[in-house]
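So the structure is just underneath, and the comments pick up after that.
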Amino acid sequence: MADIFDIFNPPKTQVVKGVEGKMMLVHSDGVKCGKTTVGSQMPKPYYLRFEQGANAIDGLPYAPLTSWSDFKKVNKMLCDTKEREVEINGEKKKITPRDLYTTIIIDTFDVAIRWCAKYVCAKYGVERLKDGNNGYGLWQEYADEWFGEMNKLMNTGYFIYGIAHSELKKVVDGTTGEEYEQMCPKGDKRTIDLIIE
């Protein structure tokens with residue numbers, strides 16, 4: 001078997017013609033403008049329900065999440081590459097989650113971010129992130145928890161269709177130094193920036 005770290009015979013990248021391995025983030029300050037409906041029309045979707053956004057969409061497979069721990073369990077299953085024998089339409093087949101789903105809909109990132117913060121607080125026995133580490137805060141632990149789970153999912157090859165609410169943020173133009181307001185996805189730099197980048 002060839003060594004994947006052999007610089008004389010390295011693996012080569014391939015551009016995928018479909019949506020697999022790509023990510024799209026849709027955000028708006030409007031409620032009920034069709035963000036989830038569009039996501040449900042993507043190839044073989046699976047809906048991670050962090051909030052009630054798909055109540056008017058029939059037949060969409062989903063995970064009824066109620067906490068970050070629930071998401072971690074589902075994410076572990078989604079990222080598993082081992083085949084499992086399952087029964088589909090009365091027939092037993094060996095498949096992976098990637099055989100079942102192409103698109104993972106995350107609705108919404110801003111709710112997932114809050115759940116991640118609550119999970120880290122509970123893990124360290126504090127009420128707020130800023131209360132941890134003897135007053136220095138749990139900012140790195142929070143960023144690491146978010147990155148660990150999101151990075152796993154983003155590197156599994158699914159098309160990630162992310163949904164977020166928007167907020168106005170002050171932005172400074174790097175060339176002119178002019179300050180202006182821009183509509184941005186909700187979330188702090190430790191979390192949403194990973195998704196935006």
Side-chain angles (χ1 to χ4, degrees), residues 1-6 9-27 32 34-116 118-119 123 144-164 185 191-192 194-197:
M1 175 148 93
D3 181 3
I4 62 169
F5 298 109
D6 179 357
N9 189 22
K12 295 193 169 72
T13 60
Q14 287 183 320
V15 176
V16 178
K17 299 206 186 293
V19 295
E20 293 89 342
K22 296 176 177 74
M23 183 170 189
M24 177 185 291
L25 175 61
V26 178
H27 64 95
K32 302 291 180 209
K35 300 180 294 288
T36 305
T37 302
V38 169
S40 72
Q41 295 167 357
M42 297 295 171
K44 295 173 19 184
Y46 186 70
Y47 183 69
L48 298 180
R49 188 186 76 185
F50 286 94
E51 70 173 27
Q52 302 288 332
N55 291 340
I57 300 170
D58 196 32
L60 179 63
Y62 73 98
L65 306 174
T66 60
S67 68
W68 187 254
S69 294
D70 287 350
F71 168 67
K72 286 173 69 88
K73 288 176 198 165
V74 171
N75 198 33
K76 184 176 181 180
M77 287 185 269
L78 287 170
C79 297
D80 190 358
T81 58
K82 294 180 200 138
E83 286 188 333
R84 290 178 53 188
E85 189 171 299
V86 295
E87 190 170 316
I88 299 174
N89 299 327
E91 187 180 332
K92 290 191 177 198
K93 295 182 178 185
K94 283 193 170 192
I95 60 170
T96 68
R98 289 279 292 116
D99 297 322
L100 287 174
Y101 308 111
T102 300
T103 303
I104 304 299
I105 303 167
I106 299 175
D107 189 4
T108 65
F109 273 116
D110 33 311
V111 173
I113 288 166
R114 281 193 222 126
W115 286 4
C116 179
K118 284 177 77 171
Y119 174 85
K123 183 176 177 179
D144 289 347
E145 176 64 33
W146 178 263
F147 176 82
E149 292 301 322
M150 288 300 153
N151 193 51
K152 253 192 303 194
L153 185 59
M154 290 188 305
N155 286 312
T156 308
Y158 294 105
F159 170 51
I160 308 295
Y161 180 87
I163 299 170
T191 53
I192 202 67
L194 170 68
I195 307 306
I196 293 169
E197 290 170 9

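Because the structure is predicted, anything quoted here is derived from the model rather than measured.
Here OG of Ser40 is found 4.0 Å from CD1 of Ile57. Values are rounded to the nearest 0.5 Å. How far CZ of Arg98 is from OG1 of Thr156: 8.0 Å, rounded to the nearest 0.5 Å. Remark: Tyr62 OH to Asp107 CG distance equals 13.5 Å, nearest 0.5 Å. Of the inter-residue distances, the one linking Leu60 atom CG with Thr37 atom OG1 reads 9.5 Å to the nearest 0.5 angstrom. For the atom pair CE (Met24) and OH (Tyr161), the distance works out to 7.0 Å, reported to the nearest 0.5 Å. Between the CG atom of Asp99 and the CD1 atom of Ile88 there is a distance of 8.5 Å, given to the nearest 0.5 Å.
In this structure, Phe50 has its ring center under 6.0 Å from that of Trp115.
Using a 4.5 Å heavy-atom cutoff, the side chains of Thr96 and Thr81 are not in contact. Residues Tyr158 and Pro97 have side chains in contact (heavy-atom distance under 4.5 Å, counting atoms from C-beta outward). In this structure the side chain of Tyr119 reaches within 4.5 angstrom of the side chain of Ser69, judged on heavy atoms. Annotation: side chain of Leu100 is not in contact with side chain of Lys44 (no heavy-atom distance under 4.5 Å). In this structure the side chain of Arg114 never reaches within 4.5 angstrom of the side chain of Lys118, judged on heavy atoms. Looking at Thr102 and Met42, their side chains never come closer than 4.5 Å, going by heavy atoms from C-beta outward.
The nearest pair of heavy atoms linking Pro61 to Pro45 is CG-O, 3.4 Å. Smallest separation of non-hydrogen atoms from Met150 and Phe109: SD-CE2, 3.9 Å. For the residue pair Glu51 and Arg49, the shortest heavy atom distance occurs at O-CG, 2.9 Å. Heavy atoms only, all atoms of each residue included: Ala63 and Val74 are closest at CB-CG2, 4.0 Å.
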Practice task
Determine, stepwise, if the pair Asn75 / Lys152 fulfils side chain to side chain contact (heavy atoms under 4.5 Å, CB included).
Solution key: CA-CA 8 Å; Asn75 198 33; Lys152 253 192 303 194; 4.1 Å; yes

Practice task
Carefully, step by step, assess Ile104 and Leu78 under the rule side chain to side chain contact (heavy atoms under 4.5 Å, CB included).
Solution key: CA-CA 9 Å; Ile104 304 299; Leu78 287 170; 3.9 Å; yes

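The environment of CG in Asp6 is crowded: more than 12 heavy-atom neighbours from other residues, nucleotides or ligands sit within 6.0 Å.
A donor and an acceptor atom, one from each side chain of Glu145 and Trp68, are located under 3.5 Å apart.
Among Leu25, Ile163, Leu48, the one residue that satisfies the side-chain contact (heavy atoms from CB on, under 4.5 Å) test with Ile106 is Leu48.
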